[in-house]
Structure formats: structure tokens, C-alpha cells
2 protein chains.
Amino acid sequence: MTTREQIIEAADLLFYHQGYAHTSFSHIADAVKISRGNFYYHFKTKDAILDAVITSRLVFTKGLLKQWEDASTTPTERILSFVHILITNQDKIIRYGCPVGTLNAELAKIDHPFQPAANKLFMLFRTWLKKQFIQLGCNEKADDYALHLLARSQGVASLANSFKDKKFIAREIDFMGEWLKQCCEKEALN
Amino acid sequence: MTTREQIIEAADLLFYHQGYAHTSFSHIADAVKISRGNFYYHFKTKDAILDAVITSRLVFTKGLLKQWEDASTTPTERILSFVHILITNQDKIIRYGCPVGTLNAELAKIDHPFQPAANKLFMLFRTWLKKQFIQLGCNEKADDYALHLLARSQGVASLANSFKDKKFIAREIDFMGEWLKQCCEKEALN
DNA sequence: GTCTATACGCCGATAGAC
DNA sequence: GTCTATCGGCGTATAGAC
């Protein structure tokens with residue numbers, strides 16, 4: 001792995017764990033075990049690292065969605081794959097929150113020029129979920145439902161992070177499963 | 001209003017608008033129009049201001065809940081009062097997110113000793129909502145429903161902040177109203 | 001209570017040797 | 001490509017005059 005890739009990986013993790021504002025060049029340089037001076041050979045500004053981290057996360061997320069796409073045959077199963085990241089990543093979520101949500105919130109708060117770029121991460125999930133709901137037959141409401149499920153997941157991540165409660169996550173996943181079932185039944189009537 | 005109170009008010013606003021980490025003594029001193037030196041007469045450390053701000057928000061929130069309690073006669077109406085802050089404060093939420101959620105997220109991320117104190121704000125809403133659901137007749141599920149509604153609100157605030165979308169907020173409020181109606185009907189059957 | 005002056009460290013960023 | 005040395009600015013925090 002090149003030094004540049006190592007920097008992006010370390011910055012990605014530190015931005016998630018400590019937040020963007022709180023992470024300094026020294027933190028990243030220490031993590032990669034290079035000097036601060038060398039650091040500037042690879043990235044001129046802090047924003048340049050953020051840009052690279054967001055791009056890297058976008059690539060990773062596209063791969064993840066593709067993987068869910070290939071692993072399941074029905075849209076319901078695919079939507080449940082999305083919901084289940086709350087379980088898979090529950091320890092990290094309880095400790096650091098949702099990586100997408102917390103980055104967006106932080107950048108929005110300081111009015112950072114890259115907030116729209118970070119929002120593309122949400123957009124990936126939104127359009128992917130919308131596609132699944134269209135396949136379920138909810139044509140006009142597909143985008144509304146996609147945003148709804150995204151919001152529910154964000155809310156669960158946010159409260160799980162504040163209350164440090166795993167049982168709450170499990171309960172909410174059940175609620176989301178019931179809601180999804182209701183959606184399917186409603187569509188079956190039409 | 002005393003200088004101390006002015007400082008707390010200015011810090012409260014700045015912590016909400018810019019975040020805790022990003023707000024410096026200079027920012028607050030400028031807002032109150034006092035010198036940095038004078039500042040330290042009132043608060044020795046930055047954490048001391050945070051402590052005062054959290055206490056102030058707790059007092060304000062208790063007053064708000066009491067107000068909702070007095071203004072409505074049915075638990076359903078009271079719960080809807082809670083839901084409607086998303087509309088009342090929608091401009092601020094779109095710009096800065098939820099003041100409770102974003103503070104909790106920020107403090108959790110830097111592992112700040114006052115994160116549990118900030119979580120008391122969520123706890124106020126949780127126990128108040130639980131009380132309303134008990135009055136609705138959902139005894140065993142009251143706390144689950146309280147956390148559920150809190151999570152839904154957090155999710156809406158989070159995505160509204162990222163996508164800057166008012167129509168989304170209105171739609172989700174409708175969904176929450178439907179959900180609440182379903183809760184009532186379910187209890188009426190028992 | 002309020003001010004100015006000041007200490008000291010960490011920040012992002014640059015210059016230049018190897 | 002990697003390093004050390006260094007800059008100017010801002011951060012928290014203190015001392016002491018008024």
C-alpha cells in the first residue's frame with residue numbers, strides 16, 4: 001500500500017473516531033508513522049485529505065451496495081441488508097455514531113464547502129433504496145420510503161450512540177422489519 | 001441580565017451554531033463584547049462553560065415540557081406537541097441540526113466527560129414521552145415507544161440537515177401522526 | 001469586575017537539506 | 001520521498017493594573 005493510501009486510510013478512521021475538526025496533521029502523521037513535513041508532499045491542505053477520504057468512502061459504499069445487490073434475489077431481502085448494518089456495526093455505532101451522519105452533521109455545522117460532497121454518501125443509499133422500493137412496486141412513494149428508512153436508521157444510530165443501548169437497536173430493527181412488511185402488504189392490495 | 005448569564009446565552013447559541021470544539025473563548029467574548037481576560041473571571045475553563053450551558057438547557061427543556069403538559073388535555077395532543085418542534089424549528093434544524101442530538105454526538109466522539117450530562121437532555125424527553133404513552137394505555141411498551149419517537153425525530157433532523165429539505169420534514173411528521181394513530185387503535189383493542 | 005499584557009503550546013503550512 | 005527546522009496565527013490560560 002502506498003504512503004498516500006495509508007494516509008487516506010488513517011485519516012478516514014481518525015475522522016470517524018475523533019471528528020474532522022479535532023483531527024490534526026500530527027494525529028494522522030503519527031498514525032502513519034511519517035513526519036509532518038513528509039505529509040505535505042502528499043496533501044497540500046487539510047481539505048485535500050477530506051476530499052480524498054470522501055472519495056474513498058464513496059468507492060467503498062458503491063462496492064457495498066453492489067455486494068448486497070448480488071447477494072439477494074428479492075428487493076425485500078436487499079432492503080433488510082441495509083437495515084442490518086446497524087447490527088453488524090453496532091459496537092462502532094454505539095462508540096462513534098454513524099460515519100455518514102456524523103460527518104455530514106459536522107460539515108454542515110461549520111458550513112464546510114465539502115458538505116455537499118459528503119451528502120453524496122447519503123445520496124448513494126437513497127437512490128439504491130429507492131430502486132429497491134420501485135422493484136417492490138411502490139413507484140410514486142419509492143423515494144419517500146427510501147428517505148424514511150434512511151432517517152429511521154440515522155435516528156437509531158444517533159440514540160444508540162447517546163444511550164449506548166444495544167437492545168434498543170435490536171428492537172428498532174424489528175420495528176423496521178414490521179414496517180417493511182406493511183409496505184409489501186399495502187402494495188399487494190393495489 | 002448579568003454578564004455571566006450573557007456569557008451562557010452566547011455560548012449556548014455558538015455551541016449550537018458552530019459546535020463545541022470549534023467555538024473558542026474569543027468567539028464568546030466577542031459575542032458578549034467583553035475582553036478575554038474578563039472572561040476568565042466568570043469561567044475558569046471551557047468545560048465550566050459547557051457545564052453551565054447544559055444546566056441552562058436542562059432548565060429550559062423542563063419548562064418547555066411543563067408548558068406542553070399544561071397546554072393540552074390528552075396524551076396524544078401532548079405527543080404531537082413534541083413532534084411539532086420539528087416544524088416550529090425547521091429553519092434552525094435545516095441549518096444546524098438538532099441542538100440535543102448534535103451536542104451529544106460531538107461529545108460522544110471526543111469522549112468528553114460531560115457526554116452523560118448532555119444525555120440528560122434526551123432523558124428528559126424520553127421520560128416525558130414515556131409518561132404520555134402510559135397515559136395512552138401502552139404500559140409495558142411505553143418506554144420503547146418513547147425511544148422510538150425520539151429516534152424518529154432525530155433521524156428526521158439529521159436528514160433534514162443534510163438534504164436541506166422542508167417537504168421531507170412535513171411528510172415524516174405525517175408518518176409519525178399515522179404511527180401514533182395506529183398505536184392508539186392497537187391499545188383500544190386491548 | 002473589567003481591562004491589557006503576556007506565556008506557552010499546538011495548529012496548518014513552508015523552505016530547504018538529504 | 002522523506003526528513004528537520006521554522007514561521008505566523010490562534011488556542012487556553014495567567015498575572016497584574018485599574
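Throughout, a chain's letter reflects where its sequence line sits, starting with A, and its residues are numbered from 1.
- Listed by chain and number, the residues in a side chain to side chain contact (heavy atoms under 4.5 Å, CB included) with B/D165 are B/F163, B/K167, B/F168 (sequence neighbours excluded).
- Among the heavy atoms of the strands, none lies under 4.0 Å from A/T2.
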Taking only distance into account, with no hydrogens and no angle test, what donor-acceptor pairs under 3.5 Å do side-chain atoms of residues 25-42 of chain B form with protein atoms, sequence neighbours excluded?
| residue | atom | partner | partner atom | Å |
| --- | --- | --- | --- | --- |
| B/H27 | ND1 | B/S24 | N | 3.0 |
| B/H27 | ND1 | B/S24 | OG | 3.3 |
| B/S35 | OG | B/N38 | N | 3.2 |

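- Sorted pairs that involve residues 44-63 of chain B and meet ring pair (Phe, Tyr, Trp, His ring centres under 6.0 Å), not counting sequence neighbours, are lacking altogether.
- In this structure, B/H42 reaches the C/dT2 phosphate: one of its side-chain N or O atoms is under 4.0 Å from OP1 or OP2.
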Please tabulate the protein-to-nucleotide N/O contacts below 3.5 Å involving nucleotides 3-7 of chain D, giving atom names and distances.
| residue | atom | partner | partner atom | Å |
| --- | --- | --- | --- | --- |
| D/dC3 | OP2 | A/S35 | N | 2.8 |
| D/dC3 | OP2 | A/S35 | OG | 3.1 |
| D/dC3 | OP2 | A/N38 | ND2 | 3.3 |

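- Neither OP1 nor OP2 of C/dC10 sits under 4.0 Å from any side-chain N or O of A/S24.
- Residues satisfying the ring-ring contact (aromatic ring centres under 6.0 Å, His included) criterion with B/Y20, sequence neighbours excluded, are B/F15, B/H112.
- Among the atoms of the strands shown, base atoms are found under 4.0 Å from some heavy atom of B/Y41.
- An OP1 or OP2 oxygen of D/dG1 is reached within less than 4.0 angstrom by no side-chain nitrogen or oxygen of A/T3.
- Residue pairs meeting the side-chain hydrogen bond (donor to acceptor under 3.5 Å, both in side chains) criterion with at least one partner in residues 116-126 of chain A, sequence neighbours excluded, are A/R126-A/D143.
- In the hydrophobic clustering, A/Y96 connects to A/Y16, either directly or through intervening members, whenever side-chain heavy atoms lie under 4.5 Å apart.
- Near DNA chain C, meaning a heavy atom under 4.0 Å away, there are no residues from residues 8-16 of chain B.
- Residues forming a side-chain hydrogen bond (donor to acceptor under 3.5 Å, both in side chains) with A/D70 (at least two apart in sequence, or on another chain): A/K66.
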Taking distance alone, no hydrogens or angles, what donor-acceptor pairs closer than 3.5 Å link side-chain atoms of residues 133-140 of chain B to residues at least two apart or in another chain?
| residue | atom | partner | partner atom | Å |
| --- | --- | --- | --- | --- |
| B/Q135 | OE1 | B/R78 | NH1 | 3.1 |

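- With rounding to whole Å, B/F25 atom CZ is found 19 Å from C/dC8 atom P.
- Evaluation of the side chain to side chain contact (heavy atoms under 4.5 Å, CB included) rule for A/S56 yields A/I8, A/D12 as partners, not counting sequence neighbours.
- For DNA chain D, the residues of residues 43-56 of chain B within the heavy-atom distance limit of 4.0 Å (strictly under) are B/K44, B/T45, B/K46, sorted by number.
- Distance B/I28 CD1 to D/dA13 C1': 14 Å, rounded to the nearest Å.
- If you look at B/W179 and A/W179, their ring centroids are not closer than 6.0 Å.
- Across all strands, A/Y40 comes closer than 4.0 Å to base atoms (heavy-atom distances).
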Q: Start with the C-alpha gap between B/V156 and B/I173, add the side-chain angles, then the distance that decides, and say whether side chain to side chain contact (heavy atoms under 4.5 Å, CB included) holds.
A: CA-CA 9 Å; B/V156 172; B/I173 301 251; 5.9 Å; no
